[in-house]
Asks: 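Structure in structure tokens, see below.
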Amino acid sequence: MSTAESAVETIQREMTIFARRARASAGRMHPELSLVSYTLLSHLEEQGGCRATDLAAHYALDKSTVSRQVAALERAGLIERRLDPEDHRVQVLHLTEAGREILAQVTVSRRAAFRARLADWPEEDLVRFAAYLERYNADPGETGAD
């Protein structure tokens with residue numbers, strides 16, 4: 001196995017560990033808010049609301065998956081549907097006040113956990129790591145292998 005192939009294997013293994021850790025820690029930070037729910041709420045906050053189909057397209061998720069997540073977030077009182085002011089046939093999802101509060105609490109907890117985990121890293125390593133993650137996630141050659 002070449003050095004590059006070995007590095008790719010290590011990256012794949014470590015990304016899998018990272019994903020497992022992220023899912024597990026999400027439950028500890030707020031038992032009712034899964035990693036997927038947190039991600040969807042974050043996106044709604046960043047966008048100022050959007051349609052469920054936009055969420056599905058953005059995250060490359062099946063519409064039925066997003067529909068189930070949205071229904072659960074609605075039942076929990078974290079999001080609400082509003083008519084699009086430009087097209088009353090369209091419903092736009094928005095955070096409720098409770099959704100904003102929980103998202104803010106979990107965001108603070110997540111940032112603290114990342115800071116604690118990375119506390120011993122030199123600043124140049126943090127900057128390099130952040131740049132590598134941005135580069136990896138921005139790659140237009142999406143293969144669906146994540």
Side-chain angles (χ1 to χ4, degrees), residues 1-82 84 90-146:
M1 182 181 293
S2 73
T3 303
E5 289 172 334
S6 178
V8 169
E9 289 296 318
T10 299
I11 291 166
Q12 186 274 325
R13 182 183 65 245
E14 295 301 320
M15 294 288 280
T16 300
I17 292 168
F18 176 84
R20 286 184 189 136
R21 181 178 290 124
R23 282 191 296 274
S25 69
R28 288 191 304 271
M29 291 188 194
H30 195 285
E32 298 167 22
L33 199 61
S34 70
L35 182 59
V36 172
S37 296
Y38 174 80
T39 303
L40 296 179
L41 290 177
S42 294
H43 187 77
L44 289 174
E45 181 181 56
E46 289 169 12
Q47 298 300 309
C50 70
R51 300 174 305 162
T53 55
D54 296 331
L55 286 172
H58 181 77
Y59 290 107
L61 294 170
D62 185 79
K63 290 178 186 177
S64 64
T65 301
V66 171
S67 180
R68 284 190 300 276
Q69 291 290 327
V70 165
L73 292 170
E74 280 183 294
R75 281 192 304 275
L78 303 180
I79 64 172
E80 63 187 2
R81 295 175 191 263
R82 298 182 198 157
D84 184 327
V90 175
Q91 293 186 337
V92 178
L93 304 171
H94 291 274
L95 293 178
T96 62
E97 189 56 40
R100 271 190 267 295
E101 289 173 12
I102 286 177
L103 181 61
Q105 292 167 9
V106 174
T107 298
V108 167
S109 297
R110 288 176 59 83
R111 285 184 182 147
F114 274 110
R115 283 190 184 103
R117 186 141 182 101
L118 300 168
D120 295 337
W121 287 36
E123 183 176 345
E124 59 271 11
D125 285 355
L126 291 171
V127 170
R128 191 176 304 115
F129 185 51
Y132 287 153
L133 286 172
E134 286 177 333
R135 182 174 162 192
Y136 177 81
N137 287 324
D139 184 2
E142 193 69 37
T143 64
D146 300 333

Asks: Looking at L55 and H43, what are the two nearest heavy atoms and their distance?
Replies: CD2-CD2, 3.4 Å

Asks: Find the distance between CG (D62) and CZ (R68) and round it off to the nearest 0.5 Å.
Replies: 7.5 Å

Asks: Are the side chains of Y59 and L40 in touch, meaning some heavy atoms are under 4.5 Å apart?
Replies: yes

Asks: After noting the C-alpha distance and the side-chain angles of Q69 and V66, does the key distance pass the side-chain contact (heavy atoms from CB on, under 4.5 Å) rule?
Replies: CA-CA 5 Å; Q69 291 290 327; V66 171; 5.6 Å; no

Asks: State, to 0.1 Å, how close L103 and S42 come at their nearest heavy-atom pair, and which atoms those are.
Replies: CD1-OG, 3.4 Å

Asks: Search all heavy atoms of G77 against all heavy atoms of A98 and return the closest pair with its distance.
Replies: O-CB, 3.7 Å

Asks: Could you check whether any side-chain heavy atom of V70 comes within less than 4.5 Å of a side-chain heavy atom of R81, counting everything from C-beta outward?
Replies: yes

Asks: Sequence neighbours left out, what passes salt bridge (Lys or Arg N to Asp or Glu O under 4.0 Å) with E101? Give chain and number order.
Replies: none

Asks: Tell me whether the count of non-hydrogen atoms from other residues, nucleotides or ligands lying under 6.0 Å of CD in E124 goes above 12.
Replies: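 Buried by this count: over 12 neighbours within 6.0 Å.
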
Asks: Kindly determine whether V108 and R111 satisfy side-chain contact (heavy atoms from CB on, under 4.5 Å), including the steps that lead there.
Replies: CA-CA 5 Å; V108 167; R111 285 184 182 147; 5.9 Å; no

Asks: Just by distance, do the side chain of H94 and the backbone of L44 share a donor-acceptor pair under 3.5 Å?
Replies: no

Asks: Taking all atoms of both residues into account, what is the closest heavy-atom pair of R100 and L95, and its distance?
Replies: NH1-O, 3.3 Å

Asks: Between R110 and L35, is the side-chain contact (heavy atoms from CB on, under 4.5 Å) condition met? List the steps.
Replies: CA-CA 11 Å; R110 288 176 59 83; L35 182 59; 3.7 Å; yes

Asks: Would you give the length of the straight line joining atom OG of S34 to atom CG of L41, rounded to the nearest 0.5 angstrom?
Replies: 9.0 Å

Asks: How about T16 and Q12: does a side-chain donor come under 3.5 Å of a side-chain acceptor?
Replies: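 Yes.
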
Asks: Which donor-acceptor pairs under 3.5 Å do the side chains of residues 112-122 make with protein atoms, sequence neighbours left out?
Replies:
none

Asks: Could you measure the distance from the CD atom of E74 to the CD atom of E80? Nearest 0.5 Å is fine.
Replies: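 It comes to 9.0 Å.
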
Asks: What I'd like to find out is whether the side chain of D125 reaches to under 4.5 Å of the side chain of R128, using heavy atoms alone.
Replies: yes

Asks: From Q105 CD over to T107 OG1, what is the distance, rounded to the nearest 0.5 angstrom?
Replies: 10.0 Å

